[in-house]
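Counting starts at 1 for both ligands and their atoms, in listed order. Please read all numbers here as calculations on a predicted model, not as lab measurements.
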Amino acid sequence: MAQIIRGKELAALCKQQVAERVKALEERGVKPCLAVVLVGENPASKVYVAGKEKDCAECGILSRVLRMPETTTQEELLDTVKALNEDESVHGILVQLPLPENLSAQSVIETIAPEKDVDGFTPINTGLVSLGDARAFYPCTPSGCMKMLYSVCPDLAGKRAVVLGRSNIVGKPMASLLLAADCTVTMCHSKTKDLAQICRNADILVAAIGKAKFVTKEFVGKDAIVIDVGMNRDENGKLCGDVDFDSVEPAVYAITPVPGGVGLMTRAVLMENTVKAAENACKTLA
Ligand code: NAP
């Protein structure tokens with residue numbers, strides 16, 4: 001039986017630490033504030049934004065949700081982000097993705113001030129992450145995955161890590177963080193040959209491909225730690241990961257569940273990044 005790395009307990013601990021940092025800031029007269037921009041009516045996005053509001057309330061962070069209609073133009077959206085950049089009472093800015101089809105996410109991301117980029121998606125933060133620079137805001141999902149890994153394996157040095165998926169928001173920064181932790185990292189993607197064989201040799205396997213239950217027991221070794229980033233629906237419409245949990249769990253050392261795994265940690269790290277942004281702003285003022 002594998003050790004189950006539960007997001008609930010780890011996220012609660014992370015948010016408790018954030019709440020303490022928020023209190024310390026409040027004693028200095030600063031109230032951390034996260035602004036979330038939600039464009040359109042995407043039902044999943046609405047659920048995610050509601051989750052962020054709840055997390056903020058739990059941590060003592062102010063949340064300001066700016067709801068914009070589906071018909072919002074690129075210029076209106078950029079102006080909104082620019083106004084938030086200028087607003088000193090706002091410490092973190094997040095534009096909920098995906099945006100309606102007529103809007104470019106990349107130019108919106110590039111408009112967010114790097115010091116308020118709590119999602120860690122701007123080119124400046126991407127660069128800092130790949131430099132292993134602690135000033136970076138680590139993107140929430142990979143950072144949450146690292147915390148989950150450390151919870152079962154405090155010393156990652158020398159571990160063979162395989163990252164399945166090379167997206168800019170998960171796979172690539174995940175590889176950078178693993179490398180910074182002295183892992184030996186292999187990145188795989190849709191063109192990778194002998195995928196199962198490469199994965200089987202991994203001490204750490206991070207699956208972030210968006211394919212329901214793709215990773216089966218043929219992909220894992222018995223001492224592997226498996227981190228499942230995927231958020232998919234199975235054939236019955238039930239939420240599931242990229243890993244076929246039922247077949248993989250008995251075959252590995254530790255594994256994250258879906259739901260109840262990486263998603264909760266992603267949310268907790270957003271809170272951590274927001275309090276870090278507020279602390280940085282405080283230092284700048286001092
Ligand atoms: P993405 O941008 O669609 O990227 C998917 C990556 O997987 C690509 O690099 C793609 O390769 C690779 N891939 C696709 N099919 C593959 C296959 N059969 N074999 C090997 N590699 C394959 O996805 P993403 O945004 O990184 O998200 C991945 C998953 O994580 C999704 O299920 C998403 O919902 C979930 N997610 C969860 C959280 C959370 O908080 N839990 C956060 C973010 C994302 P190519 O580059 O060659 O196309």
- Item | Heavy-atom protein contact below 4.0 Å for atom 27 (O) of ligand 1 | no
- Task: Return the set of residues passing side-chain hydrogen bond (donor to acceptor under 3.5 Å, both in side chains) with D182 (not counting sequence neighbours), or none when no residue passes.
- Result: none
- Would D87 and K82 pass as an ion pair if we require N to O under 4.0 Å? no
- To which protein heavy atom is atom 5 (C) of ligand 1 closest, and what is the distance rounded to 0.1 Å? I209 O, 3.7 Å
- Message: So, applying side chain to side chain contact (heavy atoms under 4.5 Å, CB included) with C140, which one of L270, L94, I169, V118 is it?
- Response: L270
- Judging by distance only, is a nitrogen or oxygen of F214 under 3.5 angstrom from one on ligand 1? no
- Query: Checking side-chain contact (heavy atoms from CB on, under 4.5 Å) for the pair M265/S143: CA distance, chi angles, key distance, verdict?
  - Reply: CA-CA 8 Å; M265 282 309 288; S143 181; over 6 Å; no
- With a 4.0 Å cut-off, would you call K23 and E27 a salt bridge? no
- Item | For K211, the ligand 1 atoms whose distance to one of its heavy atoms is below 4.0 Å | 15 (N)
- Query: Taking the six-membered ring for Trp, are F121 and F137 ring centroids under 6.0 Å apart?
  - Reply: no
- for atom 9 (O) of ligand 1, nearest protein heavy atom and its distance come out as R166 N, 2.8 Å
- Message: Do L34 and M271 have side chains that approach each other closer than 4.5 Å (heavy atoms only, starting at C-beta)?
- Response: yes
- Task: Give the residue and atom name of whichever protein heavy atom lies nearest to atom 35 (C) of ligand 1, and the separation in Å to one decimal.
- Result: V229 O, 3.5 Å
- Message: With heavy-atom distances below 4.0 Å as the criterion, list the atoms of ligand 1 near L195.
- Response: 19 (N), 20 (C)
- Would you mind running through ligand 1 and noting each atom that sits below 4.0 Å from a heavy atom of V170? 26 (O), 43 (C), 44 (C)
- Message: Only heavy atoms of G210, strictly under 4.0 Å: list the atoms of ligand 1 that pass.
- Response: 28 (C), 29 (C), 31 (C), 32 (O)
- Task: Looking only at protein heavy atoms, identify the closest one to atom 42 (C) of ligand 1 and say how far it is in Å.
- Result: T141 OG1, 3.2 Å
- Message: Main chain of Q197, side chain of D194: is a donor-acceptor contact present, judged purely on distance under 3.5 Å?
- Response: no
- Message: Just to be sure I'm reading this right: ignoring hydrogens, which of C188, S167, G261 gets closest to atom 2 (O) of ligand 1? Compare them by their nearest heavy atoms.
- Response: S167
- Report, in ascending order of atom number, the atoms of ligand 1 lying under 4.0 Å from any heavy atom of T266. 39 (C), 40 (O)
- For atom 48 (O) of ligand 1, what's the nearest protein heavy atom and its distance? S190 OG, 3.6 Å
- Query: Are any of the side-chain nitrogens in D242 or K211 under 4.0 Å away from the carboxylate oxygens of its partner?
  - Reply: no
- Note on the structure: Looking only at protein heavy atoms, what sits closest to atom 33 (C) of ligand 1 is M231 N, 4.1 Å
- Item | pair F245-I255: side-chain heavy atoms closer than 4.5 Å | yes
- Report yes or no: does a heavy atom of A208 sit under 4.0 Å from some atom of ligand 1? yes
- Task: Check whether any heavy atom of T192 sits under 4.0 Å from an atom of ligand 1.
- Result: no
- In this structure, atom 21 (N) of ligand 1 is nearest to the protein heavy atom H189 C, 3.1 Å
- Salt-bridge present (E88, K31; N to O < 4.0 Å): no
- Short list, please: which atoms of ligand 1 are under 4.0 Å from a heavy atom of I169? 25 (O)
- Query: Which ligand 1 atoms are under 4.0 Å away from a heavy-atom of G263?
  - Reply: 40 (O), 41 (N)
- Item | Backbone of V252 reached by a side-chain donor or acceptor of K222 within 3.5 Å | no
